Amino acid sequence: MSIVVRLDLMMAKRKVRSNVLARAVGITEANLSLLKSGKVKGIRFSTLEAICKVLDCQPGELLEYVPDGGEETLRLTG
């Protein structure tokens with residue numbers, strides 16, 4: 001996977017439990033668990049915004065791009 005979800009780390013830093021975050025954001029604990037494990041294909045911006053608001057963080061603190069091994073790098077020329 002190229003996008004790594006760091007939500008669990010931010011929750012630990014902020015000392016916020018899953019059930020509290022899920023309730024504050026308006027999603028189920030099951031969906032939050034899937035999001036924390038990176039087993040989702042996408043996230044709504046409104047959900048990401050709500051998580052960032054509750055955890056007082058930026059989206060870049062929750063998501064990280066990590067190139068897959070052996071992946072060719074796209075180079076832009078101009």
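Keep in mind that what you see is a predicted model, and the values were worked out from it rather than measured.
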Exercise. May I ask you to decide if S33's main-chain N or O and S37's side chain share a donor-acceptor pair within less than 3.5 Å?
Key: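 The answer is yes, because a donor-acceptor pair under 3.5 Å joins these two groups.
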If you group Ile, Leu, Val, Met, Phe, Trp and Tyr by side-chain heavy-atom gaps below 4.5 Å, do [X] and [Y] land in one group?
{"X": "Y65", "Y": "L62", "result": "yes"}
{"X": "M10", "Y": "I3", "result": "yes"}
{"X": "L9", "Y": "V40", "result": "no"}

Quiz item: Can you find a heavy atom in the side chain of T47 that is under 4.5 Å from one in the side chain of N31?
Solution: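 Contact flag for T47/N31 side chains = no.
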Quiz item: Of L63, L21, I43, which is the lone residue that meets side chain to side chain contact (heavy atoms under 4.5 Å, CB included) with L7?
Solution: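 That would be L21.
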Self-check item: side-chain hydrogen bond (donor to acceptor under 3.5 Å, both in side chains) partners of residues 49-58, not counting sequence neighbours, each pair once
Solution: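 Qualifying pairs, neighbours excluded: none.
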Quiz item: Do any pairs count as a side-chain hydrogen bond (donor to acceptor under 3.5 Å, both in side chains) and have a residue in residues 11-23, sequence neighbours left out, and if so which ones?
Solution: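 Found S18-K36.
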Self-check item: Minimum heavy-atom distance A50-V25, with the two atoms named
Solution: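 Where A50 meets V25 most closely, the heavy atoms are CB-CG1, 3.9 Å.
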Quiz prompt | Where L48 and P59 come nearest, the two heavy atoms and their spacing | solution =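 Here L48 and P59 meet closest at CD2-CB, 4.0 Å.
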